[in-house]
Amino acid sequence: MPSAWVHSRYERHLADAAVGGRPVRIDLSVRRLYCENPACPKRTFAEQVPGLTVRYQRRTPLLQQVVEAVGILLAGRGGARMLQIVGVGLSRCMVLSQLMRVPLPPLVTPRVLGVDDFALYGDTYGTLLVDATSRLPLTLWEGRDADQLGRWLREHPGVEVVCRDGSLAYRQGITSGAPDALQVGDRFHLWQGLSRQIQKIASAHHGCLPAALPEPEPATAGMPTAPAAPETPADRHARRLFEAVHALADTDRSISSMSRELGLDRKTVRKYARARTWQEVVRRLPRRTTALDPYLNYLQQRWDEGEHSAKVLHEELLAKGYPGHYQRVKMAVAPLRRGLPLDEPRERPPSPREAARWIITAPDHRTPHSAQCLQRLLDHCPELRRAHHLVRLFAAMLDTCDAAPLPQWLDELTTSGLPAPGGHGESSPRRPARRRPGHHNPLQLRRQRRPYHRRQAPETPHGRTRRRPPSPPPRRTDRPPPPPRRGPADPRPGMISAYENQARAS
């Protein structure tokens, strides 16, 4: 302040402070100073109390720290509600504004760096760098560029270990930016890669997946057996294909040769060759469970007692708590009118992904139903049993963070005959089966052509018009005629035609 005398007076102000972690209102008396120098930009200013007041601040430093801490933990709406409880009335927008004013911590180059991508929207991805020790994010940018990652590593030397996924771009960026850093795979990507490999193994042994279902209960002698359903044309076709494929499979022929012989796709031949019975290849979708399933036994009991009215049965079920409609009850008792049993829901065989999830899940996290299905599946398929044993050994190494048994685990994986994690299964791409010209097989399915989707015609005031091909542009008459095409008798300049060579040779 320029040299000038000032005069002051005491003023009383109400200030917010935090005493004992609770904000209170205190009565504070400070001096207000006035400068009589016309050149001074500060005409008047108040006295500041160190540690209690800050210029241009409505809250004391302690209360400001409370607001910032609540904003970091609960953000906008939750932070405003929590501050309202402790006596500080701030809106959610003000809490977010105070949160944005919090300075970021200084960037310290970590020893262990985590690199991974994340989806922004659609097919647009970004890169995230995380300190693997403190688990705090460092920076992020749009795209998965190796040059940008290498540039960041060169600007921040000191990274010793980098945890990444299997991306080739990240490997190139780390190699160029930090060649001395050790590149490792983190726990998530290791377990994710193992899960994908187990799913491939389960897909290769999909013929064993129906063994996970419980055996059907045999019908007792006292109960009447349901009449067999009539054979449909699809059943007859599947049975003929099954017999034709197995007749060739008994001669130890390859899948490709059988597909060429029968004129079928390799996938179809493989499916029929792996099936034990022709009923396995017939696609019968099981009925889904409904709200009427708990009352099927009651419906069967009332039907045996002589009550054959669907309306009366529906009213009785409503009294028992059934929330469904009358139409579902009518459809449920329709098989009983034809002398057939009730259509109970059938359990669908597990998919390869579901079987892989059973194997990957820890034993104490499995449901009783999945544990029983997995046990039946492992008892039936020795390859999946070996895969389950190796998965549990690998999970023990991850839980204990002990890599000492890893060489023994790799040796056991090699001797088991299972594909190594990270492999791609079949190395050669699958080619469609080629058909011989003129070859026809009566067992072959008629190939269904893919529907040709025509583009819709534009709308006009008179309705939708038929799309017509555009007319060719009119030919211009002002252009000179094209030069005549050069034939064998008119060779190009500088070249000798084959006819002249033949004439000279003769």
Side-chain angles (χ1 to χ4, degrees), residues 112 114 116 130 132-133 135 163-166 184-218 274-276 280 285-289 293-294 344-426:
V112 182
D116 201 357
V130 181
T133 304
R135 300 184 179 181
C163 299
R164 64 172 181 86
D165 57 359
V184 299
D186 56 358
R187 178 191 180 95
F188 171 78
H189 290 101
L190 285 177
W191 195 252
Q192 186 185 37
L194 183 63
S195 303
R196 293 177 179 175
Q197 195 66 20
I198 294 299
Q199 185 174 349
K200 293 181 181 179
I201 297 175
S203 300
H205 297 83
H206 68 277
C208 302
L209 299 181
L213 301 179
E215 294 292 337
E217 298 180 0
R274 291 177 177 177
R276 293 170 295 181
E280 296 182 6
L285 297 179
R287 185 176 69 84
R288 296 182 179 180
T289 58
D293 294 340
E344 297 182 356
R346 298 180 300 274
E347 189 174 1
R348 178 181 297 182
S351 62
R353 185 174 183 179
E354 187 176 3
R357 185 171 66 249
W358 291 347
I359 297 175
I360 291 297
T361 306
D364 52 346
H365 292 170
R366 298 172 187 155
T367 61
H369 175 70
S370 62
Q372 295 175 4
C373 294
L374 178 60
Q375 186 61 37
R376 287 190 292 265
L377 180 60
L378 298 182
D379 295 341
H380 181 269
C381 186
E383 288 81 5
L384 292 179
R385 187 189 311 113
R386 289 195 295 268
H388 176 263
H389 174 66
L390 293 174
V391 167
R392 296 272 59 87
L393 293 180
F394 193 82
M397 287 189 290
L398 289 182
D399 293 339
T400 58
C401 298
D402 184 13
L406 183 59
Q408 182 181 0
W409 185 83
L410 293 176
D411 295 340
E412 189 173 354
L413 174 62
T414 305
T415 57
S416 64
L418 299 175
H424 299 282
E426 298 181 0

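From a predicted model like this one, the values you see are computed outputs, not experimental measurements.
The distance from the OG atom of Ser351 to the CD atom of Gln199 is 7.5 Å, given to the nearest 0.5 Å. The distance from atom CG of Asp116 to atom NE2 of His189, rounded to the nearest 0.5 Å, is 4.0 Å. Here NE2 of His389 is found 12.5 Å from CG of Leu378. Values are rounded to the nearest 0.5 Å. The line from NE2 of His388 to SG of Cys381 is 13.0 Å long, rounded to the nearest 0.5 Å. In this structure, CD on Gln192 lies 11.0 Å from CD1 on Ile360, to the nearest 0.5 angstrom. Note that CZ of Phe188 is 13.0 Å distant from CG of Leu398, once rounded to the nearest 0.5 Å.
A search for side-chain hydrogen bond (donor to acceptor under 3.5 Å, both in side chains) contacts involving Thr400 returns nothing, not counting sequence neighbours. Applying the salt bridge (Lys or Arg N to Asp or Glu O under 4.0 Å) rule to Asp411 yields no partners; only residues at least two apart in sequence or on another chain are considered. Partners of His380 under the side-chain hydrogen bond (donor to acceptor under 3.5 Å, both in side chains) rule, at least two apart in sequence or in another chain, do not exist in this structure. With sequence neighbours left out, Gln372 forms a side-chain hydrogen bond (donor to acceptor under 3.5 Å, both in side chains) with no residue at all.
In plain terms, the two heavy atoms of Ala403 and Pro407 that are nearest each other are O-CD, 4.0 Å. Heavy atoms only, all atoms of each residue included: Gly185 and Leu190 are closest at O-CD1, 3.6 Å. Among all heavy-atom pairs drawn from Arg376 and Pro214, the shortest one is NH2-CD, 3.5 Å. Considering every non-hydrogen atom in both Cys163 and Val112, the closest pair reads SG-CG1, 4.2 Å. Between Leu209 and Pro352, the closest heavy-atom pair is CD1-N, 3.7 Å. The two residues Leu213 and Pro350 make their nearest non-hydrogen contact at CD2-CD, 4.5 Å.
Listed by first and then second residue, the salt bridge (charged side-chain N to carboxylate O under 4.0 Å, His left out) pairs involving residues 395-406 are Arg187-Asp399 (not counting sequence neighbours). Screening residues 351-374 for salt bridge (charged side-chain N to carboxylate O under 4.0 Å, His left out), with sequence neighbours left out, gives no hits.
Using a 30° and 60° split on the angle between ring planes, Trp409 and Phe394 fall in the tilted class, from 30° to 60°.
Without hydrogens or angle criteria, His206 side chain to Ser203 main chain gives a donor-acceptor distance under 3.5 Å.
No option in Ile198, Ile359, Leu410, Leu413 other than Leu413 meets the side-chain contact (heavy atoms from CB on, under 4.5 Å) test with Leu390.
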Check your understanding: Under the side-chain contact (heavy atoms from CB on, under 4.5 Å) criterion, do Val391 and Trp191 qualify, and how do the steps go?
Key -> CA-CA 10 Å; Val391 167; Trp191 195 252; 4.1 Å; yes
